[in-house]
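Numbers for residues simply follow the sequence, beginning at 1.
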Amino acid sequence: MRRFYQHVRSPALLYLISFFIFAPAASAQSSSESSPALHPLQDQSSNTLPEALASQCDNAITYDFFYRGSHIGQGTRSTQWQDNQASVTTEGKISVLVFKNKGKQVTNIRWSEDQQQFLPTQFIRDIDGFSDAYVRATFSQDNLSSEVNLDGEKKYYKQESVPITDMDAIALQIQRNLQQGVSAFDFKMQRAEKVSHYYFQVRGQETVKIGNKQYQAWAVEQIKKKDRKLVMWFAPELEWQMVQAHYKRRILDITATAVNYQSACLAQPVNFAAK
């Protein structure tokens, strides 16, 4: 089971549903500093959202996590919009035998007119349990550089031309790419200890069963990684939310399935288990 948690620390697993298992860094000790609130969303009024995204709705989606069919935890991702910016809060916990982890991340995201994509301005990640870690990252105005505070130790990262993003901004950008009919895309994602390159392609529309309901969803698959398989399904009728994901690598075989979705644009919450 210790091997299971060693793999849970994988950043690819962190990305699995854009947040949910909070892959910590190698540090074994968390910062003694309490988790501060992020700065208020800054005025970026010149970067207005494209028309297709101008009416974003506050929402929250909850997932159950399964390891080889056994329930191991749950996570919720909440998004609040203010003009062209979003504040995303993701919280989750997993429990396998005596091993437990819980985590929370808060990310500020803006729409960049220059880059034509969602980009983070900063995020805070706090993990507690079998593996503890505290991470705070801030990004430059053009997102070509970043500063990461990992358990009190600061490191700096820089890219030549491709902006540095994070898991929550990637989740929003995948939704936009699907709306725009983009079939392949890649990102430079900030991890706690380095910046990694992730590639994805759209596999096509597929029918997925979530609880007692069936949805036509777009399948997005991670590519250029032969030692793992990651597929995520996004449902257009649920505002392009990810409703299911599956990740398999070595001993890991994890599925995330939506159980509840609430949106300010929907008349009532969606309970996927309800008949």
Just wondering, do [Y] and [X] contact through their side chains at under 4.5 Å, heavy atoms?
| X | Y | answer |
| --- | --- | --- |
| Asn101 | Lys93 | no |
| Phe187 | Gln173 | yes |
| Thr257 | Ile210 | yes |
| Val148 | Tyr157 | yes |
| Asp58 | Thr79 | no |
| Val106 | Phe123 | no |

Residues in side-chain contact (heavy atoms from CB on, under 4.5 Å) with [X], at least two apart?
| X | answer |
| --- | --- |
| Thr207 | Gln214, Gln216 |
| Gln262 | Asn260, Pro269 |
| Lys226 | none |
| Ala184 | none |

Under the rule for ring pair (Phe, Tyr, Trp, His ring centres under 6.0 Å), what residues qualify as partners of Tyr261, not counting sequence neighbours?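 For Tyr261 there are no ring pair (Phe, Tyr, Trp, His ring centres under 6.0 Å) partners, ignoring immediate neighbours.
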Considering residues at least two apart in sequence or located in another chain, which fulfil the salt bridge (Lys or Arg N to Asp or Glu O under 4.0 Å) criterion with [X]?
| X | answer |
| --- | --- |
| Lys158 | none |
| Glu153 | none |
| Lys194 | none |

Just how far is it from atom [atom1] of [X] to atom [atom2] of [Y], taken to the nearest 0.5 Å?
| X | Y | atom1 | atom2 | result |
| --- | --- | --- | --- | --- |
| Ile174 | Trp218 | CD1 | CH2 | 14.5 Å |
| Asn108 | Gln80 | CG | CD | 11.0 Å |
| Phe272 | Gln244 | CZ | CD | 10.5 Å |
| Lys188 | Ile170 | NZ | CD1 | 12.0 Å |
| Met167 | Thr107 | CE | OG1 | 5.5 Å |
| Lys154 | Thr138 | NZ | OG1 | 8.0 Å |

Check whether [X] reaches the backbone of [Y] with its side chain - one donor and one acceptor, N or O, closer than 3.5 Å.
| X | Y | value |
| --- | --- | --- |
| Arg125 | Ala133 | no |
| Arg77 | Asp168 | yes |
| Asn143 | Ile164 | yes |
| His246 | Lys248 | no |

Flag yes if [X] and [Y] sit in one hydrophobic cluster, no otherwise; membership is Ile, Leu, Val, Met, Phe, Trp, Tyr, and two members link when side-chain heavy atoms are under 4.5 Å apart.
| X | Y | answer |
| --- | --- | --- |
| Val135 | Val195 | yes |
| Leu119 | Leu172 | no |
| Val231 | Tyr67 | yes |
| Phe65 | Val208 | yes |
| Phe66 | Met232 | no |

Which other residues belong to the hydrophobic cluster containing Ile223, where Ile, Leu, Val, Met, Phe, Trp and Tyr are joined when side-chain heavy atoms lie under 4.5 Å apart, directly or via other members?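 Besides Ile223, the cluster holds Tyr199.
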Other than Val162, what residues sit in its cluster of Ile, Leu, Val, Met, Phe, Trp and Tyr side chains whose heavy atoms are under 4.5 Å apart, directly or through others?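 Other cluster members: none.
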For a quick test of reading the model, state the closest non-hydrogen atom pair linking Trp240 to Gln175 and the distance between them.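 Looks like O-NE2, 3.0 Å.
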Please name the pair of heavy atoms, one in Trp81 and one in Cys57, separated by the smallest distance, quoted to 0.1 Å. CD1-O, 3.5 Å
Flag the pair Lys229 and Glu221 as a salt bridge only when some basic side-chain nitrogen lies within less than 4.0 angstrom of an acidic carboxylate oxygen.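 Judged by the 4.0 Å cut-off on N to carboxylate O distance, Lys229 and Glu221 do form a salt bridge.
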Could you tell me if the ring centre of Phe118 sits under 6.0 Å from that of Trp111? yes
Residues which pass side chain to side chain donor-acceptor pair (under 3.5 Å) with Ser146, listed by chain and number, not counting sequence neighbours: Gln190
Tell me, please, which residues at least two apart from Ser145 pass side chain to side chain donor-acceptor pair (under 3.5 Å). Ser140
Using only heavy-atom distances, determine whether the side chains of Gln74 and Thr76 contain a donor-acceptor pair under 3.5 Å.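 On atom types as modelled, these side chains do not qualify, holding no pair under 3.5 Å.
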State, without any angle test, whether Arg191 and Ser196 hold a side-chain donor-acceptor pair at a distance under 3.5 Å.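 Side-chain D/A pair, Arg191 to Ser196: present.
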